[in-house]
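Below: the structure, in structure tokens.
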Amino acid sequence: MESGFDVVNMTQYPECWLARELELCYANVSLVTDYDVGLDGMEPVSADTAFAVFRENLDRLQALLRRAIPRIGAQPDDNCAGALRSAVVHG
């Protein structure tokens, strides 16, 4: 489903790089806390406001994770699981 918006995620780095270095498959779950970036007429959102939205949605996030985590199977032998096989290491 396309919404016409982009998510600006400031928490996916460096986690995705660290997971790659450990050859872990990685998926991100983002919780949108505000819509003010780049929208005309929107007041900037404080950290307190963003945390309040996060707290309001924490039960939903926990429910999602409780349903999703048991469905995760064995890690596949694919690009993320073998990321270092072709790595060039400079010393």
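Minimum heavy-atom separation, L84 to E21: CD1-O, 3.3 Å. A81 and C25 make their closest contact through N-SG, 4.3 Å (heavy atoms, listed as atom of the first residue, atom of the second, distance). Across every non-hydrogen atom of A50 and D34, the tightest pair is CB-OD2, 4.3 Å. R20 and A83 make their closest contact through NE-CB, 3.4 Å (heavy atoms, listed as atom of the first residue, atom of the second, distance).
Linking ILVMFWY residues whenever their side-chain heavy atoms come closer than 4.5 Å, directly or via other members, places L31 and I69 in the same cluster.
R85 meets the salt bridge (Lys or Arg N to Asp or Glu O under 4.0 Å) test with D77; sequence neighbours excluded.
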Could you go through residues 54-66 and list every donor-acceptor pair under 3.5 Å that involves a side-chain atom there, pairing it with any protein atom two or more places apart or in another chain?
unit_1: N57; atom_1: OD1; unit_2: R60; atom_2: NH1; d: 3.2
unit_1: N57; atom_1: ND2; unit_2: V53; atom_2: O; d: 2.9

